[in-house]
Amino acid sequence: MTDIEQALERLEIETPSWGYGDSGTRFATFQQAGRPRDVFERLDDAAEVHRLTGTAPAVALHFPWDHVDDLSALHAHARALGLRIGAVNPNLFQDPDYKLGSIAHPDERVRRKAVDHLLECVEIARELGSTAQSLWLADGTNYPGQDDMIERRHRMISALQEVYAALPEEQELLVEYKPFEPAFYATDLADWGSALLTCQQLGGRARVLVDLGHHPPGTNIEQIVALLAEQARLGGFHFNNRKYADDDLIVGSVNPFELFLIFVELTAPGRTMPRLTIDQAHNVEAKVEAMVLSVVNLQEAYAKALLVDRPPLADAQRSGDVLGAHEVLLDAYRTDVRPLLAAARAARGAADDPVAALRGSGYVERARAQRGGTETVAGGWAR
Ligand code: RM4
Ligand code: MN
Ligand code: MN
């Protein structure tokens, strides 16, 4: 086995069930013909992505979006497809009760309901063999004075302590942050600092999740990654790409150099790979193809990062050779890894060119014929 084949074998990407279904903007949801009608079909699409790329063996689920009456049937379906269930994502943002927040809500009744959903997700994960709860809160306030920021934090921490105490040993808690949206004044988990403090208050199995779309423009995300990794508090990623805000575009489509630099940190000596998940919304692009391209872009960033020649990099850094050090990174980044990856994928039984293979396979056409559906637009909510 070549080095790159061995490296690919270690790379595992979780694709999100919600990335296969309908999605939209504030203005409209564009439904695609052939989109999966339920979580079973979402898993079918995920299996196709894994078949073509060879590195997407897990699927992250979102509840209640992926609710089924029979979890064991869902688990069996995943296993039959050669997939496992990735992180379980509780949904604390769509119930009318959550208008003013969920676990930080001023009303104890709403907080109880939110905690009960989190505890239900712990059970769901246990039944599906998942090893992580991935928590993103929409909680926050829109106006100064709307609520007391510290009281909100105390409510949030005490709710999370209850959930953390209920986690079985094999499950970890990933805490995701986001500076704004839907809250526009003070989000309760706004940044990596508030997420890290939360994890430190909970315990060693609580770690921070970095979503690439959840930072103010210009933020040095690879530095955050390095700091969290060094503290053993980097739990995972939501990969996507953005130009302006939480755009949820295809990984590596806008800023591939940033993606590469993140992988340079992830593959630094002594680091262990955290959970790598995609979190995207495909509104105008073909969904399965978008996911395939995302996985391929992740493979490329990872392969390029592995090419970084670490000893000369360290020498240049020690001797103050500013551009010599920089050049080591550029050398790796500029290497065309596509032929190597194509061969490595083919050797593992995946496709040498996954996008072309998908286009030639008839999978999308068959899904259209079997699942039906037309290209329709549902109303948005923007004025
Ligand atoms: C949020 C965040 C969460 C995702 C939801 C749907 O912006 O990224 O991870 O679950 O969107
Ligand atoms: Mn996310
Ligand atoms: Mn997001």
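Just so it is clear, the structure is predicted and the values come from calculations on it, not from any experiment. We count ligands from 1, going down the list as the structure has it; atoms in each ligand are counted the same way.
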Under a 3.5 Å threshold, I'd like every N/O contact between ligand 1 and protein atoms, with atom names and distance.
residue: ligand 1; atom: 7 (O); partner: K178; partner atom: NZ; Å: 2.9
residue: ligand 1; atom: 7 (O); partner: D246; partner atom: OD2; Å: 3.0
residue: ligand 1; atom: 8 (O); partner: E176; partner atom: OE2; Å: 3.2
residue: ligand 1; atom: 8 (O); partner: D211; partner atom: OD2; Å: 3.1
residue: ligand 1; atom: 8 (O); partner: H214; partner atom: NE2; Å: 3.1
residue: ligand 1; atom: 8 (O); partner: D279; partner atom: OD2; Å: 2.9
residue: ligand 1; atom: 9 (O); partner: E176; partner atom: OE1; Å: 2.8
residue: ligand 1; atom: 9 (O); partner: E176; partner atom: OE2; Å: 2.9
residue: ligand 1; atom: 9 (O); partner: H238; partner atom: ND1; Å: 3.2
residue: ligand 1; atom: 9 (O); partner: D279; partner atom: OD2; Å: 3.1
residue: ligand 1; atom: 10 (O); partner: H62; partner atom: NE2; Å: 2.9

Heavy-atom donor-acceptor pair, D22 side chain to Q31 backbone, under 3.5 Å: no

Pairwise ring-ring contact (aromatic ring centres under 6.0 Å, His included) hits with a residue in residues 33-56, at least two apart: F40-H77

Pairs where residues 326-349 contributes a residue and the test ring-ring contact (aromatic ring centres under 6.0 Å, His included) is met, not counting sequence neighbours: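 Checked against ring-ring contact (aromatic ring centres under 6.0 Å, His included) - neighbours excluded - the pairs reaching residues 326-349 are F257-Y333, F260-Y333.
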
Cut-off under 2.8 Å, centre the Mn ion (ligand 2), protein N/O/S atoms: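 Those protein N, O or S atoms (cut-off: under 2.8 Å from the Mn ion (ligand 2)) are E176 OE2, D211 OD2, H238 ND1, D279 OD2.
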
Closest contact, heavy atoms only, I278 versus W18: O-CZ2, 4.5 Å

Y164 six-ring face occupied by R205 cation (under 6.0 Å, within 45°): yes

Shared hydrophobic cluster for L261 and L306 (ILVMFWY, side-chain gaps under 4.5 Å): no

Worked verdict on L197 versus R153 for side chain to side chain contact (heavy atoms under 4.5 Å, CB included): CA-CA 11 Å; L197 287 175; R153 184 158 180 94; 3.7 Å; yes

F93 ring center within less than 6.0 Å of W136 ring center: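 Yes, close enough.
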
Passing candidate, side-chain hydrogen bond (donor to acceptor under 3.5 Å, both in side chains) with R155, options D107, D188, D147: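 With R155 as partner, side-chain hydrogen bond (donor to acceptor under 3.5 Å, both in side chains) holds for just one option, D147.
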
